[in-house]
Amino acid sequence: MMKKLSVLFLIITVFLFCGFKRKVKPIIILSSNYITLETAKRIENSFFAKSRIFYALYSPDGFKNQGIRLQISKQEDKVSNWGFSIIMTRDIYINSGEKIYKDNLHISQPGHYIIQFFYLNNKDYPFAHREFKVY
């Protein structure tokens with residue numbers, strides 16, 4: 001009886017520790033300089049107005065779909081949608097199997113912003129988002 005319990009405990013322990021694979025989420029890197037391996041190590045969350053903001057979306061497992069949507073929202077006091085208004089939306093088509101997408105944007109007004117990425121077949125839930133400020 002004791003052998004059966006110890007074997008059962010061993011099987012459950014192996015299943016719990018080895019049976020689950022941790023999901024790696026995509027990340028967004030923001031920088032005031034062109035993104036390279038050196039600038040990606042530095043975390044930037046604040047930028048100056050009317051300056052160029054470089055961003056990179058990195059997905060370690062590759063993108064699931066070829067189409068993604070970029071959405072920039074700004075937090076404001078006089079807006080009914082939980083205080084956020086959509087500033088910019090852009091649909092992006094990338095080759096399947098790619099792991100990184102890089103581009104830049106300009107924001108002219110100071111404020112608190114959120115950058116989000118959605119898959120085009122699931123526009124209700126962002127798969128990556130990040131907050132930043134513009135002064």
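Computed over heavy atoms, backbone and side chain alike; hydrogens, waters and symmetry mates excluded.
- In Ile86, the CD1 atom is not crowded: 12 or fewer heavy atoms of neighbouring residues, nucleotides or ligands sit closer than 6.0 Å.
- When all heavy atoms of Ser59 and Pro26 are compared, the closest pair comes out as OG-CG, 4.0 Å.
- Considering CZ of Phe84 and CD of Gln75, their distance stands at 4.0 Å, rounded to 0.5 Å.
- Atom CG of Asp91 is separated from atom CZ of Arg69 by 4.0 Å, given to the nearest 0.5 angstrom.
- Side-chain contact check for Tyr101 and Asp103: at least one donor-acceptor pair (N or O, by modelled atom type) lies under 3.5 Å.
- Going from atom NE2 of His112 over to atom CD of Glu131 covers 4.0 Å, rounded to the nearest 0.5 Å.
- The line from CZ of Phe117 to CD1 of Ile68 is 5.5 Å long, rounded to the nearest 0.5 Å.
- Ring centroid separation for the pair Tyr113 and Phe132 comes in under the 6.0 Å cut-off.
- Using a 4.5 Å cut-off between side-chain heavy atoms of Ile, Leu, Val, Met, Phe, Trp and Tyr, with links allowed through other members, Ile92 and Met88 fall into the same hydrophobic cluster.
- Scanning both residues, Gln116 and Ser73, for their nearest heavy atoms gives NE2-OG, 4.0 Å.
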Given Tyr34 and Thr39, is the side chain to side chain contact (heavy atoms under 4.5 Å, CB included) satisfied, shown in steps?
-> CA-CA 7 Å; Tyr34 186 77; Thr39 59; over 6 Å; no
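- Between the side chain of Lys41 and the backbone N or O of Thr36 there is no donor-acceptor pair closer than 3.5 Å.
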Given Arg130 and Asn45, is the side chain to side chain contact (heavy atoms under 4.5 Å, CB included) satisfied, shown in steps?
-> CA-CA 9 Å; Arg130 179 134 182 220; Asn45 289 327; 2.7 Å; yes
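- For Tyr119 and Phe127, the gap between ring centers is short of 6.0 Å.
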Determine, stepwise, if the pair Ile115 / Ile53 fulfils side chain to side chain contact (heavy atoms under 4.5 Å, CB included).
-> CA-CA 11 Å; Ile115 182 170; Ile53 301 171; over 6 Å; no
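- Judged by distance alone, with hydrogens and angles left aside, the side-chain atoms of Arg90 form no donor-acceptor pair with the main-chain N or O of Leu70 at under 3.5 Å.
- When the side chains of ILVMFWY residues are joined at heavy-atom separations under 4.5 Å, either directly or via intervening members, Ile72 and Val134 end up in a single hydrophobic cluster.
- The hydrophobic cluster containing Tyr58 also contains Ile35, counting ILVMFWY residues as joined when their side-chain heavy atoms lie under 4.5 angstrom apart, directly or transitively.
- Counted by atom type alone, Ser31 and Glu44 present one or more donor-acceptor pairs between their side chains at under 3.5 Å.
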Assess whether side chain to side chain contact (heavy atoms under 4.5 Å, CB included) is satisfied between Ile107 and Phe47, documenting all intermediate values.
-> CA-CA 9 Å; Ile107 295 180; Phe47 304 93; over 6 Å; no
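- Nearest heavy atoms, Gln71 versus Phe118: OE1-CE1, 2.9 Å.
- Taking CZ of Arg42 as the reference point, atom OG of Ser32 lies at 6.5 Å (rounded to 0.5 Å).
- Residues Ile114 and Leu105 are members of separate hydrophobic clusters, defined by side-chain heavy-atom contacts under 4.5 angstrom among Ile, Leu, Val, Met, Phe, Trp and Tyr.
- The cluster map of Ile, Leu, Val, Met, Phe, Trp and Tyr, joined by side-chain heavy atoms under 4.5 Å apart, puts Ile27 and Ile100 in the same cluster.
- Note: Lys102 NZ to Ile29 CD1 = 9.0 Å, rounded to the nearest 0.5 Å.
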